[in-house]
Each structure stands twice: as C-alpha cells, then as structure tokens.
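This report concerns only the one structure given below.
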Amino acid sequence: MADKITTQWVSGVAFESENPSGIMVPIDGAQEIGGEGKGYRPKALMLSALAGCSGIDIAMLIKKMRLEVDTFKIDVVGELTEENPKYYHKVDVIFHFYGANLDADKIQKVVNLSVEKYCGVMEMFRKFAQVSTQIEYHQS
C-alpha cells in the first residue's frame, strides 16, 4: 500500500501539503530563513506524526480494553544533531494519562503494544534515533 501526498509551494518558504485524506497541512520555515510562522516546521511535523501514530493506537486499545481513561496526551521532545543535515538523534516520548480509576498495568500494556508492535512511525524513528518512553499517571 502506498501513500501519496502533494506539496505545493505557496510563497517564500511556505507550502501546503495535501495528505491522502485530502486535508491540507500548512508547512513553513523558521523566521530566520524567511518563514512567517504560518505552518508546521518539517522536523516538528515528524514529531507530531510520531505522537499521532502512537496516540491512534492507544485510543483504539483503550476502547477495545474498556479502560477508564478521561483523557491522555503525548509529549515528544526531539534533540537535533549539531552538524548538517540536522536530524533527531534522541527522542523522548512521554505519555500522560488522566482519570480517577487508572489501571496502571493495563495502561502499560496498551503503551507497550503501541511502542513495540503497532506504531510504524515509532519503528521508523528507531532507525535513526535513540527513542525512550515513559508514562505518567494523573489521578483526578
């Protein structure tokens, strides 16, 4: 199965990228290279893809396992190399779960399934970066 995106130059260093669902994603460079801050920076978009991939897995597994989770969020922190081309060589993924009756063992299982089995973006990141994960529980 192949995915196709089409990315159109708008102006300056700004682009619009159409994903396979037909949704437009704005992309723009940093101000120091002529960007206007009107879109995702390409490398940050990669971190969002990582969080989104794992997040979709986790949301589906929470539903399937009927876990009591009010909400969750994922923080992804990427550390770039110093030399060009700069790429993420270290990535930390922090999963935050919120709820009154969080089952830590089952949540750990859900996260492990995403991180180790289902999330293809996570696997791609492992090809070029040291990836670490952690879970934080927030009882409400």
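Nothing fancy with the numbering, it's 1 onward along the sequence. In what follows, every heavy atom counts, from backbone to side chain, and hydrogens, waters and symmetry copies are set aside.
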Next item on the list: Could you walk me through whether Lys64 and Ile62 pass the side-chain contact (heavy atoms from CB on, under 4.5 Å) test, one step at a time?
Entry: CA-CA 6 Å; Lys64 182 177 180 179; Ile62 284 173; over 6 Å; no
Notebook entry, point to check: Passes side-chain contact (heavy atoms from CB on, under 4.5 Å), Phe97 versus Ile58? Steps please.
Noted result: CA-CA 11 Å; Phe97 291 89; Ile58 289 168; 3.9 Å; yes
Item checked: CA sep, side-chain torsions, deciding dist, call: Lys43, Tyr87, side-chain contact (heavy atoms from CB on, under 4.5 Å) -> CA-CA 8 Å; Lys43 289 184 196 88; Tyr87 61 92; 5.9 Å; no
Margin query: side chain to side chain donor-acceptor pair (under 3.5 Å), that's the test. Do His89 and Gln130 meet it? Break it down for me.
Written below: CA-CA 6 Å; His89 67 99; Gln130 174 190 341; over 6 Å; no
Next item on the list: Evaluate the side-chain contact (heavy atoms from CB on, under 4.5 Å) criterion for residues Lys73 and Thr71: first the C-alpha distance (whole Å), next the side-chain angles of each, then the deciding distance (0.1 Å), finally the verdict.
Entry: CA-CA 7 Å; Lys73 72 176 183 177; Thr71 191; over 6 Å; no
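Counting only heavy atoms from C-beta outward, the side chains of Glu116 and Val111 never approach each other to under 4.5 Å. Using a 4.5 Å heavy-atom cutoff, the side chains of Val93 and Ser54 are not in contact. Within the 4.5 Å cutoff, the side chain of Leu102 has heavy atoms near those of the Gln139 side chain. Two residues are said to be in side-chain contact when any heavy atoms from C-beta on lie closer than 4.5 Å; Tyr118 and Ile56 fail this criterion. Put simply, the side chain of Asp70 reaches to within 4.5 Å of the side chain of Ser140, judged on heavy atoms.
Residues Leu80 and Leu47 are members of one and the same hydrophobic cluster, defined by side-chain heavy-atom contacts under 4.5 angstrom among Ile, Leu, Val, Met, Phe, Trp and Tyr. Under the 4.5 Å side-chain heavy-atom criterion for ILVMFWY residues, a single connected hydrophobic cluster contains both Leu113 and Met124. No continuous path of hydrophobic side-chain contacts links Leu61 to Ile94 [ILVMFWY only; heavy atoms under 4.5 Å]. Residues Ile135 and Leu50 share a hydrophobic cluster, clusters being chains of Ile/Leu/Val/Met/Phe/Trp/Tyr side chains in contact below 4.5 Å.
Under a 3.5 Å cut-off, the side chain of Thr81 and the backbone N or O of Glu83 do form a donor-acceptor pair. A donor-acceptor pair under 3.5 Å is formed between the side chain of Asp57 and the backbone N or O of Cys119. Checked by atom type and distance alone, the side chain of Asp92 never pairs as donor or acceptor with a backbone atom of Val77 at under 3.5 Å. Asp28 places no side-chain N or O within 3.5 Å of a backbone atom of Gly35 that could act as its donor or acceptor partner.
How far NZ of Lys38 is from OG of Ser11: 7.5 Å, rounded to the nearest 0.5 Å. For the atom pair Phe95 CZ and Ile107 CD1, the distance stands at 12.0 Å (nearest 0.5 Å). Once rounded to the nearest 0.5 Å, the distance linking CD of Glu16 with CD of Gln8 reads 8.5 Å. Rounded to the nearest 0.5 Å, atoms CE (Met65) and CE (Met60) are 13.0 Å apart. Atoms CD and OH, from Gln108 and Tyr137 in turn, are 5.0 Å apart once rounded to the nearest 0.5 Å.
Leu45 shares a hydrophobic cluster with Trp9, Phe15, Val25, Ile27, Tyr40; the chain of contacts runs through ILVMFWY side chains whose heavy atoms sit under 4.5 Å apart.
The local environment of CD in Glu32 is crowded, with over 12 non-hydrogen atoms from other residues, nucleotides or ligands closer than 6.0 Å.
Ring-plane geometry between Tyr98 and His138 is classed as parallel, the angle between the planes falling under 30 degrees on a 0 to 90 degree scale with a further cut at 60.
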